[in-house]
Amino acid sequence: MNDFYIDELKLSQLNKRFYKLETEKNISMNEQLNYALKNWKDINYFSNELIIYAYKNNTLDILLSNKKFTDKIINSPIPLIHLKNFTHHSSDIYNKILTKIKNDEIYCLNQIIDFTIKKDIIEEIDEQQLQLLKEIFYLIIKEISENEKTPIYNLQLIGQGQFSDVYLLNNKIIKLGTTRLTTTFPNNPYIIKPLLRKKFPIDDQNNSLFIEVCEKIKTDCCEFEDVKKLYNKLRTLGLVWMDPKKSNIGKLINDNQIYWQKNLKPCDKALLLDTYRGTDKLKAGDAIICDADYIYDENNPKVDFNRVRDFELSYRLEKRLTKRT
């Protein structure tokens, strides 16, 4: 790759420039970005736009490996809590980020809200409403921190899905996003019992911030058979799980109940859920759904059985065989 491409990358509207080079010159975006980050000398080229682009393309570690760009990145819009994940290779940079988080935890939590909202919501956000959301998020994290007896600076980003960023604070999972495909569905034994499921309005355009808190579980430990069994169990309750796959399930570390220092028993309505269905009580070691998007009542017009054809055919066959016996 020659200097022409580097000059192209120095310009604004990075997405358009990368796309143009990829389509017209057959050079992948990651190849372009890797080359640019390794060869640019002038720190002024590393705008917030480029830093965010590198972050979204999993290439930020290259930039962080060069200490002269550290301050530029640390002062970018990317939340410091997120940057912690990229810096374990360098204790100097990691400690610098951790110190900054410890010195101003509220600022760091505010960064998370800004980043979450502004990456999805294009419209202008009312500053008063935005400030209110930041205060609510801080109070939620503060209370979790006190319950878990662990400081806020231990908050970790552990996953980024299609609709939510996923954080961990000791034994509590916090999901944060602006979109849920199925905000409301019948509560049931096969999802992790939520401590909190709440939708907070962002503006008058029906945009909302969605926050969910639940217990940590083991992941990357299930088999296809676990997925199939959970699909069948939901079907017996008249529910259809439209996204049955191993990445959406895990195994319980403890029995499926709420663990909180106070007596916390949120009702279904408070959790934005419909009336509870089922009587099973899942125990430690049982497989359970950790991503409850795409669960519908079987009569919901959004149900598309073609999407889960093999699971549905298997369920109906087993049901038919059970009736015969």
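Between Asp304 and Met242 the shortest side-chain heavy-atom distance falls below 4.5 Å. Counting heavy atoms from C-beta on, the side chains of Ile253 and Lys216 come closer than 4.5 Å. For the pair Leu317/Leu321, a side-chain contact is recorded, criterion being any heavy-atom separation below 4.5 Å from C-beta on. Counting heavy atoms from C-beta on, the side chains of Val308 and Pro244 come closer than 4.5 Å. Residues Thr178 and Asn207 have side chains not in contact (no heavy-atom distance under 4.5 Å, counting atoms from C-beta outward). For the pair Tyr296/Leu239, no side-chain contact is recorded, criterion being any heavy-atom separation below 4.5 Å from C-beta on. When side chains are defined from C-beta on, Asn256 counts as touching Ile288, because their heavy atoms get closer than 4.5 Å. Using a 4.5 Å heavy-atom threshold, the side chains of Tyr138 and Asn110 count as separate.
Under the salt bridge (charged side-chain N to carboxylate O under 4.0 Å, His left out) criterion, Asp71 pairs with Lys96, not counting sequence neighbours.
With hydrogens and angles ignored, the 3.5 Å screen pairs a side-chain donor or acceptor of Arg277 with a backbone N or O of Leu237. The backbone N or O of Lys193 lies less than 3.5 Å from no partner atom in the side chain of Gln257, so there is not a single donor-acceptor pair. Side chain of Asp280 to main chain of Leu282: no donor-acceptor pair is present (N/O by atom type, distance under 3.5 Å, no hydrogens or angles). Although no hydrogens or angles enter the test, the distance criterion places a donor-acceptor pair under 3.5 Å between the side chain of Lys84 and the main chain of Leu155. No side-chain donor-acceptor contact under 3.5 Å links Asn248 to the backbone of Ile289. The closest donor-acceptor contact from the side chain of Ser145 to the backbone of Thr150 lies under 3.5 Å. In terms of modelled atom types and a separation under 3.5 Å, the side chain of Glu215 and the main chain of Ile192 share no donor-acceptor contact. Side-chain atoms of Thr182 come within 3.5 Å of backbone N or O of Tyr294 as a donor-acceptor pair. Checked by atom type and distance alone, the side chain of Asn103 never pairs as donor or acceptor with a backbone atom of Lys100 at under 3.5 Å. With hydrogens and angles disregarded, no donor-acceptor distance shorter than 3.5 Å links the side chain of Asp165 to the backbone of Leu176.
Shortest non-hydrogen contact noted between Lys172 and Tyr259 is NZ-O, 3.2 Å. Annotation for Ser208 and Pro201: closest pair OG-CA, 3.9 Å, computed over non-hydrogen atoms. Across every non-hydrogen atom of Lys251 and Gly285, the tightest pair is CD-O, 3.5 Å. Across every non-hydrogen atom of Asn300 and Lys302, the tightest pair is OD1-N, 2.8 Å. The two residues Cys290 and Ser247 come nearest to each other via the heavy atoms SG-O, 4.4 Å. When every heavy atom of Ala284 is checked against every heavy atom of Asp255, the shortest pair comes out as N-OD1, 3.0 Å.
Ile97 and Leu168 fall into different hydrophobic clusters, defined by Ile, Leu, Val, Met, Phe, Trp and Tyr side-chain heavy atoms under 4.5 Å apart, directly or through other members. By the rule that hydrophobic residues join a cluster once side-chain heavy atoms approach within less than 4.5 Å of another member, Tyr167 and Tyr107 end up as members of one cluster. Taking hydrophobic clusters as Ile, Leu, Val, Met, Phe, Trp and Tyr residues chained together by side-chain heavy-atom distances below 4.5 Å, Ile106 shares a cluster with Leu83. Leu169 and Val166 fall into different hydrophobic clusters, where Ile, Leu, Val, Met, Phe, Trp and Tyr residues are linked whenever their side-chain heavy atoms come under 4.5 Å apart, directly or through other members. Put simply, Ile152 and Ile173 are part of two different groups of oily side chains (I, L, V, M, F, W, Y) that touch within less than 4.5 Å, one to the next.
Within 6.0 Å of atom NZ in Lys134, more than 12 heavy atoms from other residues, nucleotides or ligands are found, so the atom counts as buried in its surroundings. Heavy-atom contacts from other residues, nucleotides or ligands closer than 6.0 Å to CD of Gln128 number 12 or fewer.
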Test side chain to side chain contact (heavy atoms under 4.5 Å, CB included) applied to Leu234 and Val240, step by step:
CA-CA 6 Å; Leu234 284 167; Val240 182; over 6 Å; no
Evaluation steps, side chain to side chain contact (heavy atoms under 4.5 Å, CB included), between Leu133 and Ile117
CA-CA 10 Å; Leu133 292 174; Ile117 291 176; 3.8 Å; yes
Go through the steps for Arg307 and Asp243 under the test side chain to side chain contact (heavy atoms under 4.5 Å, CB included), then give the verdict.
CA-CA 8 Å; Arg307 181 186 171 106; Asp243 199 19; 3.7 Å; yes
List the steps, then state whether side chain to side chain contact (heavy atoms under 4.5 Å, CB included) holds for Ile73 with Tyr55.
CA-CA 10 Å; Ile73 298 170; Tyr55 172 77; over 6 Å; no
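Separating the NE2 atom in His82 from the CG atom in Leu157 is a distance of 4.5 Å, to the nearest 0.5 Å. Here the straight-line distance linking atom CG of Asp291 with atom CD of Glu212 works out to 8.5 Å at 0.5 Å rounding. Note that CG of Asn75 and OG1 of Thr70 are 10.5 Å apart. Values are rounded to the nearest 0.5 Å. One finds the CG atom of Asn147 at 12.5 Å from the NZ atom of Lys142 (value rounded to the nearest 0.5 Å). Rounded to the nearest 0.5 angstrom, Ser314 OG and Lys319 NZ are separated by 13.5 Å. For the atom pair CG (Leu209) and CG (Leu130), the distance works out to 9.5 Å, reported to the nearest 0.5 Å.
Ion pairing between a basic and an acidic side chain is recognised when a charged N comes within 4.0 Å of a carboxylate O; Glu225 and Lys229 show no such pairing. The pair Arg235-Glu318 does not meet the salt-bridge criterion, since no charged nitrogen lies less than 4.0 angstrom from a carboxylate oxygen.
The side chain to side chain donor-acceptor pair (under 3.5 Å) test with Asp268 singles out one residue from Asn187, Thr275, Thr184, and that residue is Asn187.
Within the structure, every pair that satisfies the ring pair (Phe, Tyr, Trp, His ring centres under 6.0 Å) test and touches residues 195-239, not counting sequence neighbours, is listed here: Phe224-Phe311, Tyr231-Phe311.
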